[in-house]
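Below: the structure, in structure tokens.
Each ligand, and each atom within it, is numbered from 1 in the order the structure gives.
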Amino acid sequence: MSKESIKRRDFLKRTAVAGAALPLLGGESTAMTIKPAASLPIVISSANISRSPTGQIVNGGIACVNRAMEIIRSGGDTLDAVVAGVNIVEDDPNDSSVGFGGLPNEEGDVELDASVMHGPSRRAGAVASLRYIKNPSKVAKLVLERTDHILLVGDGALRFALKQGFRKEELLTEESRLAWLRWKENLNPEDACGPSPLKTARSGGGRVSRADLTPQQIALNEWIEDKLRNRPTGTINCLAVDPNGDMSGVTTTSGLAWKIPGRVGDSPLIGCGLYLDNEVGAAGSTGRGEECIYINGAHTVVENMRRGMSPQDAAMDAIKRVAARYGNNRDELSKFNLNFYAVNKKGEYGGAVLWKGGRFVVHDGKEAKIVESAHLYSK
Ligand code: GLY
């Protein structure tokens, strides 16, 4: 989309900005810290730091914001920038929460969701339960640009993508398939539908010991065990504001691992996994989508900013609404996590997470850095 075709300050409460998290004040939320001066352009993204099946650390958020900022610096539109940024992560089989290599549904099929919003044209596009196309964010962008609809789902979304020239591809990697098989085995051992990496490593009928495994099998096994312990809801959200204060956002995901086919989370729902108003700011979400949908998360964050809250406070208020649905019961809340990311028109930014440990990435035009999100609770 061509440029032509479209035409706060001191201290923050409860923030942990720019890696300067301070000790907790009382039981909840993180402490006060100094907020860096707002500047434009700015790109923020979920961190998407994960361990690949071979044990490598994958830094998807950094790659994403670097690419997006490069495009904005060269005069490109913010929507082109954020979509190009997340495409790196969608294409990377090592990120098992997005695009190619994303963990599949309960039947072993990868179903992807994505949404985009473009501030200057006040438009949105989205796809949900899209199979065989590894870049759902690109398809969502075409929904925005070439239709007067907002959300296409399932087979209709696939047919739209194919007519727009996309190619069908198998999105399930061998590692994701093995993780799915292990999940199936754990679900019902009598109905196991294939060998796990551990079983394939058996030399005879005896117990498997680490000594029987190659370093690659050990890394893969640890990767799979982690996916089974922490059912992934990973996603990437990227938000950008250019030097004129114009903004765009994108959220893209393979959704909740092992989901019922057809389950749609927050990512493709405008106002939930993504929302922006070019006059105010932009927000996005990662984590347990159902919880974000219940409070219309990203819309809530943007409306909080409209009423004058800083991005950090706006995001934390949304997290508190989620906690309030459970009467702030930590036992119930410990079953999931949810993150919000926010940026306003001036370039101020912030992130908040239910449980301590959330991070996001900021590129302020000079450098990309990983920032700790403010948290409501710590375990
Ligand atoms: N936040 C991604 C999902 O729940 O699908």
Just list the side-chain donor-acceptor pairs under 3.5 Å for residues 153-168, sequence neighbours left out, or say none.
{"unit_1": "D155", "atom_1": "OD2", "unit_2": "R159", "atom_2": "NH1", "d": "2.7"}
{"unit_1": "Q164", "atom_1": "OE1", "unit_2": "R146", "atom_2": "NH1", "d": "2.5"}

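- Heavy-atom contacts of T235 reach the following atoms of ligand 1: 1 (N), 2 (C) (cutoff under 4.0 Å).
- Relative ring orientation between Y275 and H299 is described as perpendicular, the plane-to-plane angle rising above 60° on a 0-90° scale split at 30° and 60°.
- Across all non-hydrogen atoms, the minimal contact from L239 to A282 is CD1-O, 3.7 Å.
- Applying the 4.0 Å criterion to heavy atoms of S267 picks out, from ligand 1, the atoms 1 (N), 2 (C).
- Residues meeting the salt bridge (Lys or Arg N to Asp or Glu O under 4.0 Å) test with E107, sequence neighbours left out: none.
- Between W258 and W183, the ring planes lie parallel to each other; the angle is under 30°, not in the 30° to 60° tilted range.
- Residue G265 approaches ligand 1 through these ligand atoms, each under 4.0 Å from one of its heavy atoms: 5 (O).
- Below 3.5 Å of separation, one finds an N or O of G287 facing an N or O of ligand 1.
- Looking at ligand 1, you'll find an N or O of D266 within less than 3.5 Å of one of its N or O atoms.
- Side-chain contact between S115 and L269 is absent, with no heavy atoms from C-beta onward closer than 4.5 Å.
- Considering backbone and side-chain atoms alike, R263 places an N or O below 3.5 Å from some N or O of ligand 1.
- In terms of polar-atom proximity, defined here as any N/O pair under 3.5 Å, G289 does make such a contact with ligand 1.
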